[in-house]
Amino acid sequence: MANKTRVATVSLAGCFGCHMSLLDIDERMLQLAELIEFDRSPLTDIEHCTNCDIGLIEGGVCNSENVHVLREFRKNCKILVAVGACAINGGLPSLRNFIPLEECLAEAYLDGIGVENPQIPSDPELPLLLNKVYPIHEVVKIDYFLPGCPPSADVFWKFLTDLLDGREPSLPYELVHYD
Amino acid sequence: MKQFIQDLSEKNHHQATRLLQILRAIQSRYHYVPADAIEQLAGLLNKPRTQIISVVEFYSFFHLQPKGQFEILISDSITDHMLGKINLTSYLARQLKVAVGEVREDGIVSLDNTSCTGMCDQGPAGLVNGYALTRLDRARIDVITDLINQQKPLAAWPVELFHIEDNIHKPGLLLKQQINQGAALNVAFKRGLKETLAEIDKSGLRGRGGAGFKTAMKWQFCSEEAQSERYVVCNADEGEPGTFKDRVLLNSFAHQVFEGMTLCAAIIGAQKGFLYLRGEYLYLYDQLQCILDERRKAGLLGIDILGQGLNFDIEICMGAGAYICGEESALIESLEGKPGIPRNRPPYPVTQGYLGKPTVVNNVETFLAAAAIAVNGGDWFASVGTAKSKGTKILSISGDCARPGIYEYPFGTTIETVLMDCGAANVMGVQVGGPSGTFISNQEFDRKLAFEDLATGGSFIIFDESRNILDMVNNFTHFFAHESCGFCTPCRVGTSLLKKQFDKIVEGHGSAGDVAALEELCQVIKGYSHCGLGQTAANPVLTTLERYPELYQDKLKKISYEPGFDLDGALEIARRMANRTDAGAHLTQVGEDHE
Ligand SMILES: Cc1cc2nc3c(=O)[nH]c(=O)nc-3n(C[C@H](O)[C@H](O)[C@H](O)COP(=O)(O)O)c2cc1C
Ligand code: SF4
Ligand code: SF4
């Protein structure tokens, strides 16, 4: 079917919890599969995305590779969505923002307990860490934000079905009420 | 130190409500609040240590780390900037050999910025150990540098450094004639207190602190409360940048202000009053105490005032550098020795104020006017002004004009008239009511001073055509982010985001959707904040965006998006530590699709 909606997903500085939550829509996945097909995604192993309708981004931006991936998504997805607390605020990984990067690297590679052959990895293949973990909307333009850590399966379902049905997505209070 | 704290606490009767005054004394003596002092106070005041720390952390003038023996703060009001504050501060930093925000290595001096000190008509201004410095220039800075390096105590500094002018250029109904001491009380007792309240009602007097609530109604409500323990509070926090008329009133008309408070006490049945004086006006403290003493001696304060059976006295409490403490419920929290976090309203202070008791909070000028009305009658006051705004308003005028200072006008006066009187030329616009008020452009000078048109607590800052409006908005937006008390998220987070988003646009990193995003953020802050500070914090952006949208739009780049921070710069630390120089170790600021 040529006119299926094309969806790409990726996890940047995230824990894959948001992806797991998407899978939690359970049997509704079959319904969804009628309407969408996955492009680049951990679910498909396609390496680069091309001409997608929707891009779902989990996780914040912690290194240079995240920046490149995010830009690839922005360039190829008509609608780009920040999924989960990490993408929206930096989330858990951004706890390191309160510690200077020098100290983080030193602890991990130089003087932490049990470090052997202490040295800072230096290889052009390796992405460099940014001084801080940034929310994705500070690096590219984002069209929608799905709150939650992770957003519940129902949030994904509501959001995607709204979009697929051509409605402006909206999340009822029950879905974004956490206490 | 142990003995000092012990004595200090004793002098304050070990009352936790006196915490601010106690901490002021400690800060003034040690130039910080040592951990040991907090520990000891916790025991003496029977207040948890953490609560004392939260108070220390809340107020700008208290510090947990030592400041210099000479603590210098430079006023950061937009008017100080217009008078060359930035250059002057760098000069001062160079002379003193201390960076802004730091303590010099020898511990003798520290330097920092502080929010508007209320000397806008005679800036650039500052504070040294809490005492106001005015008209700073290089010559004065050289003198100050020498005094500090010789470690001369402030008492030995030349008095000109601390000289403060009233600059009353246009007195009106209230400022032309002070009432005689005791006149308002004598007339009120003779006429009858109910009848005097009726006169105040007839005068149409509305609060002069900003909100404009009818004064007679406030007093009436308070007097009708069931609880008999009641309080009168005079709000002299005057933190709105550009406002300084309360300072002048307390310098030259304090008797009448105290008389207004005493009149209020007689009418509502209060026994105790407070003057909440902003920390920046420390220099007024001693002279105000003397006036209170004079009034006690004259039988105008204390037991059985004027033989009428009224018992009432006034205590002066000093603030410690927090704009939010001008908000009446935050002020009351502060009076109770707590961080100045606004309460839920209702209940309003008239029903549950200081210590939960009925309390009238009024502005300095409101009490001044009430005393004059008691003497001269309601009609006298209501004879000028407009239908909805009776009487006169005292303005603090600063910025680009020949004669900055104090002006009193009948309500209904046009901006045009005010600008003529103070000698303003080539005016681009005026900020009426301070950062929380409105910016009006030179197309609107036929508008009037009045609650129904341009309401103002008294701040009136003039900008001529040489000024960049965005500098002003930048200053105000940073002011709110700094002064947000942090209690509610829309304001705490919102004002910081607003500052970032505004800076992003002005520094030229903005792109297509950024002005829309800025406006949306403004609406969230305005609509969802807990108190007046947050509800008005977006006004500088909103009022200028409405008038000069092109100023903002012109700053935007013709690309769909650009990050608000330096992406490649954010890799610098890792690049250095990994010794990388290859192309892959760099990032462009915008993605390739933009190029
Ligand atoms: C953030 C904020 C700051 C305020 N600052 C002052 C002030 O410095 N002086 C003042 O009289 N009122 C100030 N107010 C208004 C007071 O809350 C209160 O309305 C006023 O003191 C009542 O007195 P009035 O009726 O005589 O005007 C402020 C309000 C807010 C929200
Ligand atoms: S938002 Fe929560 S679930 Fe999603 S990536 Fe972050 S930590 Fe994991
Ligand atoms: S609006 Fe701002 S100042 Fe007011 S309570 Fe909220 S955080 Fe505090």
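Note on naming: letters A, B, ... go to the chains in the order of the sequence lines (proteins, then strands), and numbering restarts at 1 for each one.
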Tell me the closest heavy-atom pair linking [X] and [Y], and the distance in Å.
X: B:Ala574; Y: A:Leu105; answer: CA-CD1, 4.4 Å
X: B:Ala578; Y: A:Ser122; answer: O-OG, 2.5 Å
X: A:Glu102; Y: B:Arg576; answer: OE2-NH2, 3.4 Å

State whether the number of non-hydrogen atoms from other residues, nucleotides or ligands found under 6.0 Å of [X] atom [atom1] is greater than 12.
X: A:Met29; atom1: CE; result: yes
X: B:Glu550; atom1: CD; result: yes
X: A:Lys158; atom1: NZ; result: yes
X: B:Asp106; atom1: CG; result: yes
X: A:Tyr178; atom1: OH; result: yes
X: B:His482; atom1: NE2; result: no

(message) Does any backbone or side-chain atom of B:Lys504 lie under 4.5 Å from a heavy atom of chain A? Answer side chain, backbone, both or neither.
(response)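 Contact with chain A involves no heavy atom of B:Lys504 at all.
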
(message) Less than 4.5 Å to any heavy atom of chain A: does that hold for the side chain of B:Leu587, its backbone, both, or neither?
(response)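 The answer is the side chain of B:Leu587.
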
(message) When you compare the side chain of B:Glu572 with that of A:Asn131, does any pair of heavy atoms fall below 4.5 Å?
(response)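 Counting from C-beta outward, A:Asn131 and B:Glu572 never come under 4.5 Å.
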
For the [atom1] atom of [X] and the [atom2] atom of [Y], what is their distance to the nearest 0.5 Å?
X: B:Thr588; Y: A:His68; atom1: OG1; atom2: NE2; result: 7.5 Å
X: B:Tyr561; Y: A:His137; atom1: OH; atom2: NE2; result: 6.5 Å
X: B:Met577; Y: A:Leu128; atom1: CE; atom2: CG; result: 11.5 Å

(request) Measure distances from A:Pro121 to the heavy atoms of chain B and classify the residue's part below 4.5 Å as side chain, backbone, both or neither. (result)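 Answer is backbone: N, CA, C or O of A:Pro121 sit under 4.5 Å from chain B.
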
(message) With a 4.5 angstrom heavy-atom cut-off, is it the side chain or the backbone of A:Tyr109 that approaches chain B, or both, or neither?
(response)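 A:Tyr109 has no heavy atom closer than 4.5 Å to chain B.
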
(request) Pick whichever of A:Leu70, A:Val67, A:Val61, A:Asn63 has the most heavy-atom pairs under 4.5 Å with chain B. (result)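 The candidate making the most pairs under 4.5 Å is A:Val67.
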
